[in-house]
Amino acid sequence: MHPVCILMIEDDEGHARLIERNIRRAGVNNEIVPFRDGTSALDYLFGPDGSGEVNARRHLLILLDLNLPDMTGIDILERVKANPHTKRSPVIVLTTTDDAREIQRCYDLGANVYVTKPVNYEGFAHAIRQLGLFFSVMQIPETP
């Protein structure tokens with residue numbers, strides 16, 4: 001089994017801390033690489049040459065906020081799922097948007113899970129704890 005690296009693309013520092021704390025509380029000790037905007041996350045994902053080959057043999061799980069300062073999470077999701085080296089990486093959308101069309105669009109583009117961030121702290125913490133339990137049992141598919 002290969003270690004899974006969690007990429008967290010979240011511009012709200014408070015939410016990022018809350019997500020990480022609750023993932024850790026659920027017993028998940030995987031590396032978490034945080035990004036506060038889409039540009040730096042895509043640079044990391046696709047590497048200096050933009051091909052994505054840099055992550056061809058890595059096991060990534062992407063936590064994606066849809067509302068970022070420089071682009072939408074939808075743009076990132078489209079690029080991740082269109083790239084042969086990253087398309088198998090599970091993407092969990094974590095966002096305050098609960099618009100049914102937006103949710104459907106994310107699933108149509110290949111999101112694995114869509115979690116609406118509750119506005120209240122306790123609800124959000126609970127949702128993240130559930131995700132942590134999900135991570136602890138989840139298998140990431142092998143990349144050929």
Side-chain angles (χ1 to χ4, degrees), residues 1-119 123-125 127-144:
M1 190 147 122
H2 301 276
V4 174
C5 176
I6 300 170
L7 300 190
M8 177 172 47
I9 309 169
E10 168 64 72
D11 65 319
D12 182 308
E13 208 172 311
H15 284 174
R17 277 198 306 271
L18 182 65
I19 291 165
E20 183 161 359
R21 190 164 53 244
N22 282 287
I23 288 171
R24 298 293 181 227
R25 199 176 285 161
V28 176
N29 297 314
N30 302 51
E31 178 186 8
I32 297 175
V33 183
F35 296 96
R36 307 241 348 232
D37 61 74
T39 305
S40 56
L42 289 174
D43 287 348
Y44 179 87
L45 278 166
F46 299 126
D49 66 357
S51 72
E53 204 168 331
V54 67
N55 282 306
R57 293 182 217 343
R58 295 190 70 206
H59 296 275
L60 303 173
L61 171 70
I62 301 166
L63 296 178
L64 179 61
D65 184 10
L66 291 186
N67 308 306
L68 297 165
D70 56 343
M71 66 181 70
T72 71
I74 299 273
D75 296 331
I76 296 170
L77 180 59
E78 283 180 318
R79 300 227 0 229
V80 165
K81 293 303 181 177
N83 184 289
H85 302 294
T86 57
K87 69 180 181 189
R88 284 191 181 85
S89 298
V91 176
I92 297 174
V93 174
L94 278 172
T95 187
T96 51
T97 309
D98 65 355
D99 178 274
R101 289 177 311 239
E102 195 88 323
I103 295 169
Q104 189 56 54
R105 184 152 178 233
C106 286
Y107 282 124
D108 289 346
L109 289 171
N112 298 72
V113 181
Y114 190 105
V115 178
T116 303
K117 292 181 197 169
V119 182
F124 188 44
I128 299 301
R129 270 196 297 279
Q130 297 304 311
L131 270 184
L133 296 172
F134 174 68
F135 296 159
S136 64
V137 298
M138 189 174 76
Q139 297 290 312
I140 303 289
E142 288 291 323
T143 305

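Just so you know, these numbers come straight off a predicted model, no measurement behind them.
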Checklist entry - Rounded to the nearest 0.5 Å, how far does CG of L66 lie from CD of E102? => result 5.5 Å
Checklist entry - Would you say K81's side chain and R88's backbone share a donor-acceptor pair under 3.5 angstrom? => result no
Checklist outcome for this item: Of all heavy-atom pairs linking G38 and I76, the shortest is CA-CD1, 3.5 Å
Item to check | Heavy-atom closest contact (F46 atom, V54 atom, distance) | outcome: C-CG1, 4.0 Å
Checklist entry - Do you know which two heavy atoms are closest between D99 and R101, and how far apart they sit? => result OD1-N, 2.9 Å
Item to check | Euclidean distance, R24 CZ relative to N22 CG, rounded to 0.5 Å | outcome: 11.5 Å
Item to check | Main-chain N/O of A82 paired with K87 side-chain donor or acceptor, under 3.5 Å | outcome: no
Next on the checklist: Considering only residues two or more places apart or on different chains, which pairs with a residue in residues 23-45 satisfy ring-ring contact (aromatic ring centres under 6.0 Å, His included)?
Outcome noted: F35-Y44
Checklist entry - Is the closest side-chain heavy-atom distance between N55 and C5 below 4.5 Å? => result no
Checklist entry - Any side-chain heavy atom of L45 within less than 4.5 Å of one from L60? => result yes
Checklist entry - Residues in side chain to side chain donor-acceptor pair (under 3.5 Å) with N112, at least two apart? => result none
Item to check | Euclidean distance, T86 OG1 relative to I62 CD1, rounded to 0.5 Å | outcome: 6.5 Å
Next on the checklist: With rounding to the nearest 0.5 angstrom, report the CD1 to CG distance, I74 to N67.
Outcome noted: 9.5 Å
Item to check | Minimum side-chain heavy-atom gap L94-D65 below 4.5 Å | outcome: no
Checklist entry - Does the side chain of I6 come within less than 4.5 Å of E20's, by heavy atoms? => result no
Checklist entry - D75: what forms a side chain to side chain donor-acceptor pair (under 3.5 Å) with it, not counting sequence neighbours? => result T72
Checklist entry - Quick one: are E10 and R17 in side-chain contact, heavy atoms under 4.5 Å? => result no
Next on the checklist: Going by side chain to side chain donor-acceptor pair (under 3.5 Å), name the residues that satisfy it together with D12, two or more places apart in sequence or in a different chain.
Outcome noted: none
Next on the checklist: So L61 and N30, do their side chains get closer than 4.5 Å, heavy atoms only?
Outcome noted: no
Checklist entry - S51 and N83: which non-hydrogen atoms are nearest, and at how many Å? => result O-ND2, 2.8 Å
Item to check | Nearest-0.5 Å distance that lies between atom CG in L64 and atom CE in M8 | outcome: 12.0 Å
Checklist entry - Only one of I32, I92, V115, V113 clears side chain to side chain contact (heavy atoms under 4.5 Å, CB included) with L63; which? => result I92
Item to check | E78 CD to C106 SG distance, which is reported to the nearest 0.5 Å | outcome: 9.5 Å
Checklist outcome for this item: Residue pairs meeting salt bridge (charged side-chain N to carboxylate O under 4.0 Å, His left out), one or both in residues 36-51, sequence neighbours left out, come to E13-R36
Checklist outcome for this item: Tightest non-hydrogen contact, residues V93 and A111, listed as CG2-CB, 3.9 Å
Next on the checklist: Which residues pass the side chain to side chain donor-acceptor pair (under 3.5 Å) test with Q104, not counting sequence neighbours?
Outcome noted: D108
